[in-house]
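Residue numbering restarts at 1 for every chain, and letters A, B, ... go by the order of the sequence lines.
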Protein chains: 2
Amino acid sequence: MTPSAQSTQPRRSDATRAAILRAARERFAADGYERATIRAIAADAQIDPSMVMRYYGSKEGLFAAAAEFDLRLPDLTSVPPAQLGEVLVRHFLARWEGDETLVALLRAASTNPGAAERMRGIFADQLTAAVATFGTDPALTARRAGLVASQVLGLAFTRYIVRLPPMVDTAPEELVAWIAPTLQRYLTGTPPS
Amino acid sequence: MTPSAQSTQPRRSDATRAAILRAARERFAADGYERATIRAIAADAQIDPSMVMRYYGSKEGLFAAAAEFDLRLPDLTSVPPAQLGEVLVRHFLARWEGDETLVALLRAASTNPGAAERMRGIFADQLTAAVATFGTDPALTARRAGLVASQVLGLAFTRYIVRLPPMVDTAPEELVAWIAPTLQRYLTGTPPS
DNA sequence: ATTGCATGTCAACATCCGTTGGCCTACGGT
DNA sequence: ACCGTAGGCCAACGGATGTTGACATGCAAT
């Protein structure tokens with residue numbers, strides 16, 4: 001422990017590590033897991049492919065590091081219950097437009113089992129936990145969270161992956177207006193008979 | 001034209017072609033486009049990889065043949081307007097469970113541009129056409145169809161690809177009950193301000 | 001100044017992939 | 001019975017990919 005008494009002293013290669021991670025996220029988001037090659041990522045980051053192996057061990061390890069993600073869901077207990085749906089869609093849409101990590105994860109989850117597992121974790125843990133904070137019936141929270149995930153992921157899939165023209169061209173605010181009632185019902189609606 | 005006067009006389013290799021196509025659909029559905037190798041498909045069909053090339057030209061050509069698909073949407077004009085949503089979810093769910101072609105297309109669409117293009121065609125053409133048969137405002141039909149696609153594809157993505165536990169465990173009838181009102185509103189609901 | 005270690009480069013290996021061309025076999029029309 | 005041709009198999013090529021190891025370089029502590 002030489003200069004600063006931090007638990008992890010800053011390494012000289014941090015810039016390189018960050019460049020690799022940034023390039024990896026771009027490539028994974030644009031091409032998916034298998035088409036995104038280590039060589040292409042290294043070229044983008046202007047370093048040698050072997051550095052990727054040194055710092056992240058393997059392609060799987062690189063993806064695991066690049067796909068680290070937090071939904072950053074707001075505290076739903078401080079949201080008026082009638083606006084839960086609207087708040088959620090707006091949050092997801094903003095989170096998706098601002099960070100390509102989720103697109104990378106979404107693309108990779110279709111073919112890579114590890115990515116699917118990670119996606120399952122994110123939505124089963126973070127989203128379910130958020131729904132549980134205000135839910136009444138614990139037996140239904142998982143199902144409500146799953147339904148919300150189905151609509152939110154469907155929105156992302158059609159807008160960012162398949163790029164269905166109507167979903168790409170529609171303004172975010174209009175999407176929010178259409179989809180918010182759906183999430184609202186999934187979250188607080190009475191379950192069907 | 002020996003026996004029957006059909007325009008395309010049956011070839012002796014039809015059984016092989018069908019075996020290849022069946023194996024291809026399975027592999028594409030299970031592994032996605034890039035992980036599904038021609039060698040593995042040929043092994044499943046118990047033939048030589050070169051036969052795939054002879055009959056389908058290339059891997060792209062094989063996929064194009066294996067991903068041929070028709071949604072077989074029912075005639076929506078003969079459906080009571082209040083039940084449009086329910087009829088549609090039920091139809092999609094049945095179509096998805098009964099034919100793995102759609103799963104193959106869905107998986108491949110994440111990474112393969114051609115598959116995404118095909119998916120765009122299916123939903124932009126077939127679904128939009130079906131919605132247009134009863135729609136009142138032509139300017140809105142594309143958007144309504146896109147919203148329906150977002151929920152339906154999200155359902156498929158979470159249930160068959162990511163395999164989110166709540167979406168996998170829930171019975172089809174209960175999913176129909178939850179999701180039908182969503183499609184109903186996307187199809188016939190009044191647009192937001 | 002010298003040593004040690006992190007950083008980076010270069011070349012190569014082993015494997016797998018899509019694809020190709022040559023060759024054998026057996027059916028079907030004559 | 002004969003022969004053309006379609007069906008099928010085998011071996012190989014060219015290229016790409018993940019991964020590895022040996023070797024250079026430069027910073028930092030002694």
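- OP1 or OP2 of dG8(C) sits under 4.0 Å from a side-chain N or O of Tyr55(A).
- Salt-bridge check for Glu100(A) with Arg27(A): failed, with every basic side-chain N at 4.0 Å or more from each acidic carboxylate O.
- One atom, NZ of Lys59(A), and another, P of dA16(D), lie 15 Å apart when rounded to the nearest Å.
- One interatomic measurement links the two molecules: OH of Tyr56(B) to C1' of dG18(C), which rounds to 17 Å at whole-angstrom precision.
- Checking dG8(C), dT19(C), dG8(D) against every side-chain atom of Met51(A), the shortest atom distance belongs to dG8(C).
- Contact detail for Glu97(A) and Tyr160(A): the closest heavy-atom pair is OE2-OH, 2.7 Å.
- One atom, CE of Met53(A), and another, P of dT9(C), lie 16 Å apart when rounded to the nearest Å.
- Rounded to an integer number of Å, the gap from OH of Tyr33(A) to P of dT17(D) is 14 Å.
- Ionic pairing of Arg25(B) and Glu68(B) is not present here: no N-O contact between side-chain nitrogen and carboxylate oxygen is shorter than 4.0 angstrom.
- Taking atom CG on Asp14(B) and atom P on dG8(D), their separation rounds to 10 Å, with Å as the unit.
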Go through it in stages, so that I can follow the logic: the residues are Trp178(A) and Val89(A), the test is side chain to side chain contact (heavy atoms under 4.5 Å, CB included), and I'd like the CA-CA distance, side-chain angles, deciding distance and then a yes or no. CA-CA 10 Å; Trp178(A) 274 106; Val89(A) 211; over 6 Å; no
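- Between Arg118(B) and Ala64(B), the shortest heavy-atom contact is NH1-O, 3.2 Å.
- Across all their heavy atoms, Leu93(A) and Pro172(A) have their closest contact at CD2-O, 3.8 Å.
- Salt bridge status for Glu26(B) with Arg22(B): absent, with no side-chain N to carboxylate O gap under 4.0 Å.
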Using a 4.0 Å cut-off on protein heavy atoms (strictly under), produce a 5'-to-3' string for nucleotides 21-27 of chain C with B for base contact, S for backbone-only sugar-phosphate contact, and - for none. B------
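- Contacts between residues 34-42 of chain B and DNA chain D, defined by a heavy-atom separation under 4.0 Å, are made by Arg39(B).
- With sequence neighbours left out, the side chain to side chain donor-acceptor pair (under 3.5 Å) criterion links Arg17(B) to Ser13(B).
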